[in-house]
Every structure is written in structure tokens, then in C-alpha cells.
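We name chains A, B, ... by the order of the sequence lines, and we start the count at 1 in each one.
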Amino acid sequence: MTLTIHVQYFAILREQRGLSRETLSTTAATAVELYTELQAKHGFSLPADRLRVAINDEFTAWNAPLRDGAAVVFIPPVAGG
Amino acid sequence: MTLTIHVQYFAILREQRGLSRETLSTTAATAVELYTELQAKHGFSLPADRLRVAINDEFTAWNAPLRDGAAVVFIPPVAGG
Amino acid sequence: MFRLAETPIDPAALLHSLGEARAGACVTFAGWVRNHNDGRPVEQLDYEAYPALAVKEGERIVAEARAKFPVLGIVAVHRTGSLAIGDLAVWVGVTAEHRDGAYAASRYLIDELKARVPIWKKEHYAGAQPVWINCATRGEHAQAAPPR
Amino acid sequence: MFRLAETPIDPAALLHSLGEARAGACVTFAGWVRNHNDGRPVEQLDYEAYPALAVKEGERIVAEARAKFPVLGIVAVHRTGSLAIGDLAVWVGVTAEHRDGAYAASRYLIDELKARVPIWKKEHYAGAQPVWINCATRGEHAQAAPPR
């Protein structure tokens, strides 16, 4: 099944992707599958196990199923303060 | 031996004595003897074991010998902050 | 209250908002941009946040601190954007009746905020590539992508 | 630096004096006059110090904190005189490269200052005798002497 997903990029991922947000079609069933697909395509330096993921502005398990229209954010290691 | 001693009073001792400082003659050999003498005379409510003593603006042992001309301060329990 | 600030934080105003007659203790933490990090001279910092989730997570941490410690007021603010040396990056103020609660909550707040809120820091150095802190891979500093 | 202040403490000015480019963390403690103590409504406080020894002892505590913890700057000020509810009684500011040192030194300073510096506090209540705090004997509140 093909899903339409809205992805927003921050910090190092935004720079490595070269844009802040995009809407894409994917057959990935979970967030981790989607990251793997995008990492291969764009050469993101961080492996998935260094990231967290948010769906619809909440932290979410990597293996939670993606739903059509979801807003996905991959979260690099944070460094506030 | 009679010594001339300068005593300064603060806080509850100042109020119970009714003055801030006095110079007195005493035959007390140590600070604790002097306090015992003054407590009997002025009815200070605090026992010596609740106080500390300073001589010449430094904390001093209660049983250190008094010297002529010493400046003595009896220090009630502190309550800064 | 947790919020993000795109403009300089005013600690005096935040402190004022915390004042109340029951409070006996106020502990504040200010995180300033240092002129060095891990031995490297720092020239400037950029903070970038994921605003929707940063505010949710920050408010969750504030609620946790209120539940764990006897406090009266909590205000926490984190800057975003470009900051210079000496600029205030984060400010946390806690009031309580007694200092134990204020210190404990203050420490909890800054530790959790730094560990959990989606905010990222890019350090700029003299004569070297800027680095996204904590994002290095394979033992190297993480480099920003070249300009496109 | 430790000092006594007969007039209101200005935390903004003290904080400003602590600023330096190496510092990444600043922890401040403010002790405000609360409107109650041990369940009794407080109307006003008087702080009285033994100035010569208070400053010596305060400076000793500051030196101890510098020796024990990795800090950059320390400023501590204690008010004397009559204070109203909400007034600032004591302020301690510590800067350090990292927050661990700043928090630890801050806590050490306020704990030791309260325990050791010869400063006394007299609380005034509505419709009751004022009390010198910590000076009660035989299980009763210590009463001030009647007016002479």
C-alpha cells in the first residue's frame, strides 16, 4: 500500500536533506522502514538507533504502523541547554 | 586578678541586657565564667551551651583564658537566611 | 510554564512573575553560551527547536517537577536562533516555601530539559566546520552538509 | 565575595558582576521573607548581624566553596534591618563552567551561611510577641524583653 507522508526535518537532517519539509509517497509500513528508505536516498549520517521519531507531534515507537497522511519527524540526539 | 573586658550584645542578649555594649571589670578567668556571672546578674534566658563566644572578632573556645582589654561577644543561635 | 523564545530572555521579568508571598526560596539556573566546549574555542551557537513537540515535552517536564517536589512556581524558557558568547540560552526559575524543594526541582528541570526536549545546538568555531553537538558518527565530529 | 547590606539587595546588578565568557552555568538562590513560618502568619522581620565576624565567617564559607567545587565566581549578600513580606533577605550567585559545580557550591553556600554566620532573625506577628528565631528556651518561644 502506498501512503502519503509529511516529513519535517530539523538540524543536521534538515541540512543533509537540504530542505525543511516534504510530502512523499512511500510503501514503508513503519517509521523505521521510512527512515531506512530516506537514509539510503539522501545519505543521512545518523543511524536510526541514534534517532527517535515523532508522529503527529508525539514521540512514537519506531515500529508503530504508519498511517496515510501522518506527519513524521526524525529526531537527532538533542542538545538543549 | 581583675580584668577590664569590653562586651558587645546582639539580638536577644542585647534586648535582655537593654544595651548594645558595656565595659566591665571582672574576676572571671574564662569566657564561660564571664557569661555565668552576667547571666546571673541580668537574667539571660539562654544557657551557655546554646551560645558560642567570640573574642576579638573570632570564634573562640569557651574555656580560653580571658585577657585584659578583650572584646567579648556572646553569640546566640544564628538564624540567617 | 515552559516556552521557547526567539528573542533574548529577560530573567528579571521572569523572576518577577514568580514572586509570591508564600515563597521563601527561589532557585534560578541560567545557561550561558560559553566561549569554549571540549577545549575548542566557540564563536557562536545556533539553537534550533521542533516547536510543537519541544513545548509539549517541556510542559510535561514542568508537570513532573510539580508532582515530584514541593514547589510553588516554575518558569522555564529556552532560546532558539543565533546566540553569541555570554548570551542566555536557557533559564529555569523555581520558587518554593523551602529551599530543598526549590533546589531539587531546579536540578530536575534542567537535567530533563537538556536530555529530552527536541532542541539542537550547532557550534561555530574559528577556522573549522560547524558541528551539530551530539550528532557525530563513527568517532568523528558531525559535519554540516556543504552548502547546496 | 560575601557582604552585608543595610539597603535592598539588587540581584540584577550582582548577577551582572558575575558574568564572564568562560561561564556556562549560573545558579542563584534568593531567600525571600515568607508570610508565614511554622504555621504562624508573619508580618515583618528584623535581621541583626555581628558585622565584623559575619563578614569574616561569610568570606571563609566562600573560600571553602571555591576550594571544594569547580566554580568561577561567587557573590553572596545578606540583608540586615527591617524587612517586609517578599523582601529579599539573602542572595547567593555562583557561576561555573558546568552546572554540577554551580549547583553544589550554591547549596553549600546557603546551608553554611545559614548555619554559621552570626545573623539573627526576629519575627513579628499580628497580635503576639515578636520572637527571636532559634532562641527559645525550655520548650517555649523566646520572648523579646519588655520595652524599657
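In terms of modelled atom types and a separation under 3.5 Å, the side chain of D:Y47 and the main chain of B:A79 share no donor-acceptor contact. Between the side chain of B:R50 and the backbone N or O of D:A136, at least one donor-acceptor pair lies under 3.5 Å.
Contacts of D:K114 with chain B are made by both backbone and side-chain atoms, with heavy-atom separations under 4.5 Å. Both the backbone and the side chain of D:Y50 come within less than 4.5 Å of a heavy atom in chain B. Heavy atoms closer than 4.5 Å to chain B are found nowhere in D:L113, neither backbone nor side chain.
Scanning residues 19-41 of chain B against chain D with a 4.5 Å heavy-atom cutoff picks out nothing at all.
A salt bridge between B:E58 and D:R60 is present, with a side-chain N of the basic residue lying under 4.0 Å from a carboxylate O of the acidic one.
Top candidate by heavy-atom pairs under 4.5 Å with chain B, chosen from D:A54, D:A49, D:G31, D:A89, is D:A49.
Considering every non-hydrogen atom in both B:V78 and D:R116, the closest pair reads CG2-N, 4.1 Å.
Looking at heavy atoms from C-beta onward, D:W120 lies in side-chain contact with B:I75 at the 4.5 angstrom threshold. Under the 4.5 Å side-chain criterion, counting only non-hydrogen atoms from C-beta, D:L53 is in contact with B:F59. When side chains are defined from C-beta on, D:P118 does not count as touching B:F10, because their heavy atoms never get closer than 4.5 Å.
Under the rule for a side chain to side chain donor-acceptor pair (under 3.5 Å), the partners of D:Y103 that lie at least two apart in sequence or sit in another chain are C:S106.
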